[in-house]
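Before any comments, here is the structure.
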Amino acid sequence: MDLTPSDEQRLLRESADRFIAETYTAKLREHNAKEPHGFSETIWKQFAGLGWLALPLPEAHGGIGGGAIEVGILMEAFGRGLVSEPYLSTVVLGAGLVAEHGRDEQKAALLPKVADGTLRLAFAHAERAARADLSRVDTTARKDGDGYVLDGAKVAVLDGASADQLIVSARLANNGSGSLRLFLVPRNAAGLTLADYPRLGGGRACNLTLQGVRAPAEAMLGGDVDAYPAVEAVVDRALAAMSAEAVGMMQTLTDKTLDYTKVRKQFGRPLAANQVMRHRLTDMSVQVDEARSMALRAALKAEADAAERGRAASGAKAKIGRGARFVAEQSVQLHGGMGVTEELDVGAYFKRLLAFETLFGGSTHHYRRHAALSGRPV
């Protein structure tokens, strides 16, 4: 297998790295944290102008037609800059579900707006009782005349308060099968209550309560078929994208720690001159290299059959989750007391990596899923 990046992929990496290095300063991150939605509208428009919002979308609907590898390149750069713009929620998850499961007229109506930055989406799927089990959905959709009535609650909806439309998952309550459906619900729909809060390490999320939320028949995303296979496929691609983002954060922490130990002196010698310190830095570098390989594998398998794709995505999430925690803890420790102060941004990367480990299920959950998909006893 030839893993040499194409010319287009190299240019994408160079332009993304340059933009992030020049734009995403500590001052910008501090400013974004004070914004109502936790990110910059100006930067979001720049993403659209650069073609990043259109990157993975089909060419027939205003996209560029890129794949998981290209998204991974972009997400790794986002990890380096601790980007808080809702790329994962809108482009990878939201637009991914529309492209995967939507009807042709829905794709034509929604995807071009995502590409030009005028429409933001959020996926409301996780529920408190489900933990990380994607198949556990207690929210119901009851047929009522020509439409549906939604009742239930969702948690940890990424960037839900800034989304124009929410894609809400619910089980049909009165058709006998109880199969999963997806509904497009405006953020200001009657009966929808939203509780917004800041996420650990940047960005925002919210919890939703749906009480008698009415959705017309045309608000159902896709046809009247079970949406679970599409949900699983898109979440697996999101896991690959998140894994690449974690690699960017891990690499940045390793680089910052190496630079710090070269200039920080103890007993007249740089910390990096200590053999034990060099061993710890080497262990961090090994974790980063392993994580990059796992993230690349998850991206390469993003369009494979369900079992193979799931094994690659869960394998990456499990392995990188453990490695990310190790790198983050080592970086804080090797910086000493400075590692937990606001004077350095090491603590911000540490928090974001802890959030990565728990989002869409922790390492234990994904080790079990990998085993189950491999036919081994859990």
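- Within 6.0 Å of the CG atom in D305, the count of heavy atoms belonging to other residues, nucleotides or ligands exceeds 12.
- The hydrophobic clustering, which links ILVMFWY residues whose side-chain heavy atoms are closer than 4.5 Å, places V149 and V185 apart.
- A cation-pi contact, defined as under 6.0 Å to the ring centre and within 45° of the axis, links K317 to F356.
- Placement of L334 and F326 within a single hydrophobic cluster is found when ILVMFWY residues are connected by side-chain heavy-atom separations under 4.5 Å, directly or transitively.
- The pair D345-R29 meets the salt-bridge criterion, with a side-chain N (NZ, NE, NH1 or NH2) lying under 4.0 Å from an Asp/Glu carboxylate O.
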Check step by step if salt bridge (Lys or Arg N to Asp or Glu O under 4.0 Å) holds for E30 and K34. CA-CA 7 Å; E30 182 180 352; K34 298 176 182 177; 3.8 Å; yes
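- With hydrophobic clusters built from ILVMFWY side chains whose heavy atoms lie under 4.5 angstrom apart, F360 shares a cluster with L200.
- Using a distance-only test at 3.5 Å, with no hydrogens or angles considered, a donor-acceptor pair links the side chain of D226 to the main chain of L180.
- Side-chain N or O atoms of T90 include one that pairs as donor or acceptor with a backbone N or O of L121 at under 3.5 Å.
- Atom NZ of K45 sits in a sparse spot, with 12 or fewer heavy atoms from other residues, nucleotides or ligands closer than 6.0 Å.
- Residues S243 and K319 have side chains that never bring a donor and an acceptor to within less than 3.5 angstrom of each other.
- T139 is linked by a side-chain hydrogen bond (donor to acceptor under 3.5 Å, both in side chains) to E127, counting only residues two or more places apart in sequence or in another chain.
- A donor and an acceptor atom, one from each side chain of S363 and E357, are located under 3.5 Å apart.
- Atom OG1 in T261 sits 11.0 Å away from atom CZ in R280 (nearest 0.5 Å).
- Panel note: side chain D151, backbone G212; a donor-acceptor pair is recorded below 3.5 Å.
- The cluster map of Ile, Leu, Val, Met, Phe, Trp and Tyr, joined by side-chain heavy atoms under 4.5 Å apart, puts L373 and V231 in different clusters.
- Side-chain N or O atoms of R181 include none that pairs as donor or acceptor with a backbone N or O of A141 at under 3.5 Å.
- A salt bridge links R120 to E41: at least one charged side-chain nitrogen sits closer than 4.0 Å to a carboxylate oxygen.
- Criterion: ILVMFWY side-chain heavy atoms under 4.5 Å apart, direct or through other members. Under it, I43 and V83 are part of a common hydrophobic cluster.
- Judged by distance alone, the side chain of Y349 and the main-chain N or O of R80 form a donor-acceptor pair under 3.5 Å.
- Without hydrogens or angle criteria, R187 side chain to L166 main chain gives no donor-acceptor distance under 3.5 Å.
- Nearest heavy-atom pair, L53 versus A115, reported as atom, atom and distance to 0.1 Å: CB-O, 3.7 Å.
- Residue R103 qualifies as enclosed at atom CZ: its count of foreign heavy atoms under 6.0 Å is above 12.
- Proximity of a side-chain donor or acceptor of T118 to a complementary backbone N or O of K113 within less than 3.5 Å is detected.
- Taking the six-membered ring where tryptophan is involved, the planes of F47 and W44 are tilted, since the angle between them lies from 30° to 60°.
- Relative ring orientation between Y87 and F78 is described as perpendicular, the plane-to-plane angle rising above 60° on a 0-90° scale split at 30° and 60°.
- Counting heavy-atom neighbours within 6.0 Å of R10 CZ, excluding the residue itself, gives a total above 12.
- Nearest heavy atom pair, residue L221 against residue H101, reads O-CD2, 3.1 Å.
- Side-chain N/O atoms of Q251 and D255 include a donor and acceptor closer than 3.5 Å.
- Distance CE/M277 to CD/Q333: 10.0 Å, rounded to 0.5 Å.
- In this structure, K143 contributes its side chain and G145 its backbone to a donor-acceptor pair below 3.5 Å.
- In Q211, the CD atom is not crowded: 12 or fewer heavy atoms of neighbouring residues, nucleotides or ligands sit closer than 6.0 Å.
- Listed for the E70 side chain is a donor-acceptor partner under 3.5 Å among the backbone atoms of G67.
- Using modelled atom types, no side-chain atom of S314 and backbone atom of H370 make a donor-acceptor pair closer than 3.5 Å.
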